[in-house]
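Numbering of ligands and ligand atoms starts at 1, following listing order.
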Amino acid sequence: MNEKYTGLAETAIQSIEKIAGTHPGFRRAHAKGCFYQAVFVPNGEAAPYTKAVHLQQRPVPAVVRFSDSSPNPNMIDSLSPVKGMSVQFHLPNGEETYLVSVNVPVFLTKTPEAFVEMMRLAAEGPGPRDLMKLFIDYPESKAAFQILKQMKPFVSYSTSRYFPIHTFYFVNEAGDRQPVKYEWIPEKAFSAEAKKEAVTHPADYLEKELEDELPVSFTLSIILGKPGDATDDSTVLWPEDRPRISVGRLEIREKILQPNDRVIFDPTVLPDGIECSNDPVLHARQAIYAASSLRRFNGL
Ligand code: HEM
């Protein structure tokens, strides 16, 4: 556990609770979600870069959780555009690893402290001056804010791309380290709809829609970074021309009716052959998710 972020994690959770209220037993973010049984079939293309066991040739079972980003477990699907797709890979040695992604390619801030400060301000109900100060203090947030502003509600969880955002390092048998970013690409074409159409759907339409569509699948793509590409700053994208490789296919087969909801989708839990980058937001998430899960596991 990264104790450096324990205090920050508490402030983060308290700010979320102040903004959205406390919903006992639920995640403090991405509270509303549904679980699915899946299988990930790697194609061997990642093997020159990583010895990670789930990225070689053998299929591995997986669990997928789609979620709405809000801390409100009763959130209406069409009202919040940011959605999550979390994947738990069950490795042959009994261990697990996670890829936790959202439908936005960049994060709002370079540091977890800046994000928590934004949440603290939001919790206190910022005045126009505070908001102005935010944009001056955190110009790096502009890209994410602009994407968020243009986002439209989903038609289905199965028609979006999802981004784990942070950089990770792949390490191969020879010990070579390659910075990578990931992307999940849907087999179906992307489709969004106008807000006024989406609001006519029932509150939980995304879960129902996916149930009718199963099985659905996604290709896992990796992007290879080059020297000089930002590896510790999730507010910037790498240049478009970086090589992309498809490394496997995730088939989502069946809804899990009684899921084990005590799982923590912690993006820093990695197998031999994959390492975290120095992105401080990535490292803080470990402490923040631990604080959130401790509360929900205790029915708080
Ligand atoms: C400092 C920044 C962040 C904060 C404060 C934060 C906060 C949280 C919290 C409290 C949870 C609930 C954890 C649990 O109870 O298990 C959560 C879940 C989640 N977060 Fe974050 N998060 C941050 C950054 C990110 C980033 C960069 C991503 C994008 C990849 C992300 C995507 C998700 C997803 C998809 C879930 C749902 C996981 C699941 O299905 O259980 N978060 N976040």
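- Using a non-hydrogen distance threshold of 4.0 Å, S293 registers as a contact of ligand 1.
- No option in F218, Y36, F66 other than F66 meets the ring pair (Phe, Tyr, Trp, His ring centres under 6.0 Å) test with Y157.
- In terms of N/O distances under 3.5 Å, ligand 1 is approached by R27.
- Residue, atom and distance of the protein heavy atom nearest to atom 31 (C) of ligand 1 are R285 NH2, 3.2 Å.
- The aromatic ring centres of F168 and Y182 sit less than 6.0 Å apart.
- Given atom 16 (O) of ligand 1, the protein heavy atom at minimum distance is R296 NH2, 2.7 Å.
- With ligand atoms numbered from 1 in the order given, ligand 1 contributes 29 (C), 32 (C) to contacts under 4.0 Å with heavy atoms of V102.
- Of the protein's heavy atoms, F115 CE2, 3.9 Å lies nearest to atom 4 (C) of ligand 1.
- Between the side chains of S156 and E213, at least one donor-acceptor pair of N or O atoms lies under 3.5 Å.
- The nearest heavy-atom contact from the protein to atom 23 (C) of ligand 1 is Y289 OH, 3.8 Å.
- Among protein heavy atoms, the minimum distance from atom 38 (C) of ligand 1 is reached at S86 OG, 3.3 Å.
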Could you go step by step and tell me if E187 and T219 meet the side chain to side chain donor-acceptor pair (under 3.5 Å) rule?
CA-CA 7 Å; E187 211 143 85; T219 297; 4.7 Å; no
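- If you check which protein heavy atom lies closest to atom 27 (C) of ligand 1, you get F107 CD1, 3.5 Å.
- Relative to the ring axis of W238, K226 does not place its NZ or CZ within 45° and under 6.0 Å from the centre.
- Between T109 and T235, the closest heavy-atom pair is C-CG2, 3.3 Å.
- Comparing M119, M118, R65 against atom 40 (O) of ligand 1, the shortest heavy-atom distance belongs to R65.
- Donor-acceptor pairing under 3.5 Å is recorded for the side chains of S234 and H166.
- For P164, every heavy-atom contact with ligand 1 shorter than 4.0 Å involves the backbone, none the side chain.
- Considering only non-hydrogen protein atoms, atom 13 (C) of ligand 1 sits nearest to S292 OG, 3.6 Å.
- Contact annotation for S101 and ligand 1: only backbone heavy atoms (N, CA, C, O) come within less than 4.0 Å of the ligand.
- Cation-pi contact between R296 and F26: absent, since separation from the ring centre below 6.0 Å together with deviation from the ring axis within 45° is not met.
- Scanning the protein for heavy atoms near atom 11 (C) of ligand 1, the closest one is A29 CB, 3.7 Å.
- Counting heavy atoms from C-beta on, the side chains of C276 and H283 come closer than 4.5 Å.
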